[in-house]
Amino acid sequence: MKLPPGLSEQDLCLRLDRFQIETPSWGYADTGTRYGKFLQDAAATTIDEKLADAAVVHKLTGCCPSVAVHVLWDFPPGVDPVVVASRARALGLRIGSINPNVFQDQSYKLGSVTNRDPAIRQRALNHLLDCAALGGRVGSSLLSLWFADGTNYPGQGHIRQRKRWMQESLRQAHDAMPPGMTILVEYKPFEPAFYHTDVADWGMAAAFARHAGPRSKVLVDTGHHLPGCNIEHIVAFLIDEGLLGGFHFNDRKYADDDLTMGSIDPYQLFRIFHEIVLAERESGADLPIAYMIDQSHNIKPKTEAMIETVVAAQEYFTRAMLVDHAATAAARDCDDVVMAERTLKDAFATDVRPFLAEYRASRGLPRDPLAAYRESGHLARAAAERGPRKPKAGGSYA
Ligand code: RM4
Ligand code: MN
Ligand code: MN
């Protein structure tokens, strides 16, 4: 494997040791499309089962110590989050980002914090404040906010008024957070709203984050862009503004498809990591970015898809570390566009899998986490245990 001057394999290994990826509780559960939900016998149904699967992923990959939770889905009445957090610890995990849910309740049909009805706005805000407090209790450092708020038809909402309501709620959530917690503002151009979304793009998310206060940053969900969008440009821009807080990684072909990372466009993933690695080399420090997965594995077995994703993240992050930045800069200095681009393509084309296998072995981990998973028999055991308890159908669209 060709390394850029000044970088050793040991350097790569040490950076990989610090490259941690958060897996989402909902990625282990049965999820569906608008048209139906296809149940998998092995998919988790309770938070304990989700944590058990996350622990398997962490055990095999060594780099997924935290699990994102979706408050409503993971902590139904009767489930004590503090007890869950201690069970997570017993499995070698911790609770990661707290994801409030202000999109599912019937009252949120026309919006949550941007609803015209002050009582509904207050209800949504109260949930955000509860989630902030919950974060403190379970030792989480991230309040990750995604709003389904938006409108379907021109004239349906007063856009600037709604913006101010959003702004006000974010500021209040920010000010109520325990010290050490950060808000991440996630944007999305459409869906479920089809005319306007209240936090539609990275610029709006950045403006909201700035208004909210200093402990507030932007979350880039790779699937939340209109086709053709240059995501790595957004990433570079947010890094420079000190506003890149984290990622929701997934891949997509058309919209918010939530496919496994790198399955459709691995070069894009590489280009995103390249911007991060370049900034880290220039500053000499790791960027404080929360790398999180947000995927919905409708077809693939959940835990396998998660392992595949984690492995892809490591592969493309490692490839990005192979870019010879001095060579890129030298080519750029003489306006040699062809050679400048080639420095990226050379790194992208490098097969880093043998190196990563060695790296894992040196850390006492399986060389091939997916193969180790298949050998472990976990999938069949989970299916035998969980399958019989599941309903026979996933529900219907109408
Ligand atoms: C959204 C967004 C959020 C996720 C919900 C379920 O599209 O990606 O991050 O929590 O879906
Ligand atoms: Mn997301
Ligand atoms: Mn999404």
Side-chain angles (χ1 to χ4, degrees), residues 21-34 37 43-44 47 50 66-75 95-105 108 111-113 124 127-128 131 134-135 140 142-150 166 170 173 182-194 196-202 204-205 208-209 217-227 229 231 234-235 238 244-261 263-264 269 272 289-298 302 305-306 309 313:
I21 305 155
E22 179 163 307
T23 70
S25 67
W26 57 97
Y28 300 104
D30 281 309
T31 47
T33 71
R34 264 163 84 195
K37 196 164 164 180
I47 182 64
K50 293 169 190 172
S66 65
V67 182
V69 289
H70 235 292
V71 169
L72 222 64
W73 303 336
D74 293 328
F75 305 130
I95 302 295
S97 60
I98 306 289
N99 292 254
N101 187 316
V102 284
F103 50 85
Q104 207 174 302
D105 191 88
Y108 299 139
S112 64
V113 295
H127 180 62
L128 300 187
C131 287
L134 178 76
S140 165
L142 294 173
L143 184 63
S144 191
L145 303 183
W146 174 72
F147 298 91
D149 292 50
M166 172 69 69
L170 290 176
T182 299
I183 279 187
L184 299 180
V185 184
E186 180 174 358
Y187 56 92
K188 180 168 177 173
F190 75 96
E191 200 204 21
F194 293 119
H196 111 283
T197 294
D198 287 288
V199 191
D201 67 19
W202 69 273
M204 296 180 206
F208 281 128
K217 291 184 175 179
V218 176
L219 187 153
V220 177
D221 182 313
T222 43
H224 290 191
H225 302 89
L226 295 174
C229 179
I231 301 175
I234 294 171
V235 167
L238 288 173
L244 181 63
F247 285 97
H248 269 177
F249 278 125
N250 50 63
D251 213 338
R252 54 78 76 87
K253 179 80 178 130
Y254 302 104
D256 190 19
D257 308 340
D258 282 338
L259 303 177
T260 47
M261 192 174 177
S263 57
I264 304 291
L269 184 55
I272 290 171
I289 297 171
Y291 299 102
M292 302 177 284
I293 294 169
D294 182 6
Q295 293 177 172
S296 179
H297 311 124
N298 298 324
K302 318 279 168 181
M306 205 66 85
T309 289

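Hydrogens, waters and symmetry mates play no part in the numbers below; they use all other heavy atoms, side chains included. Read the numbers this way: they start at 1 and go in the same order the structure lists the ligands and their atoms.
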Of Asp258, Thr33, Thr31, which meets side-chain hydrogen bond (donor to acceptor under 3.5 Å, both in side chains) against Ser296?
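For Ser296, the side-chain hydrogen bond (donor to acceptor under 3.5 Å, both in side chains) check succeeds only for Thr31.
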
Can you tell me the N, O or S atom of [X] that's nearest the Mn ion (ligand 2)?
| X | value |
| --- | --- |
| Asp221 | OD2 |
| His248 | ND1 |
| Glu186 | OE2 |
| Asp294 | OD2 |

Minimum side-chain heavy-atom gap Trp202-His225 below 4.5 Å
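The answer is no, as the side chains (C-beta and beyond) never meet within the 4.5 Å cut-off.
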
Heavy-atom side-chain contact between Trp146 and Asn99 under 4.5 Å
no

Checking Asn250 against Asp221: is there a side-chain donor and acceptor pair closer than 3.5 Å?
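Per modelled atom types, Asp221 and Asn250 side chains form a pair under 3.5 Å.
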
What pair of heavy atoms forms the shortest contact from Cys131 to Val71, and how long is it?
SG-CG2, 3.6 Å

Please say which of Thr309, Leu259, Thr23 ends up in a side chain to side chain contact (heavy atoms under 4.5 Å, CB included) with Gln295.
Thr309

Would you call the rings of Phe247 and Tyr291 parallel, tilted or perpendicular if under 30° counts as parallel and over 60° as perpendicular?
parallel

Just to be sure I understand the cut-off, which residues have at least one non-hydrogen atom under 4.0 angstrom from an atom of ligand 1?
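Contacting ligand 1 under 4.0 Å are His70, Trp73, Trp146, Glu186, Lys188, Asp221, His224, His248, Asp256, Asp294.
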
Show, in sequence, the C-alpha distance, side-chain angles and deciding distance for Asp294 and Trp26, and conclude whether the side-chain hydrogen bond (donor to acceptor under 3.5 Å, both in side chains) test is met.
CA-CA 8 Å; Asp294 182 6; Trp26 57 97; 2.8 Å; yes

To the nearest 10°, what's the angle at the Mn ion (ligand 3) between atoms OD2 (Asp256) and NE2 (His224)?
90°

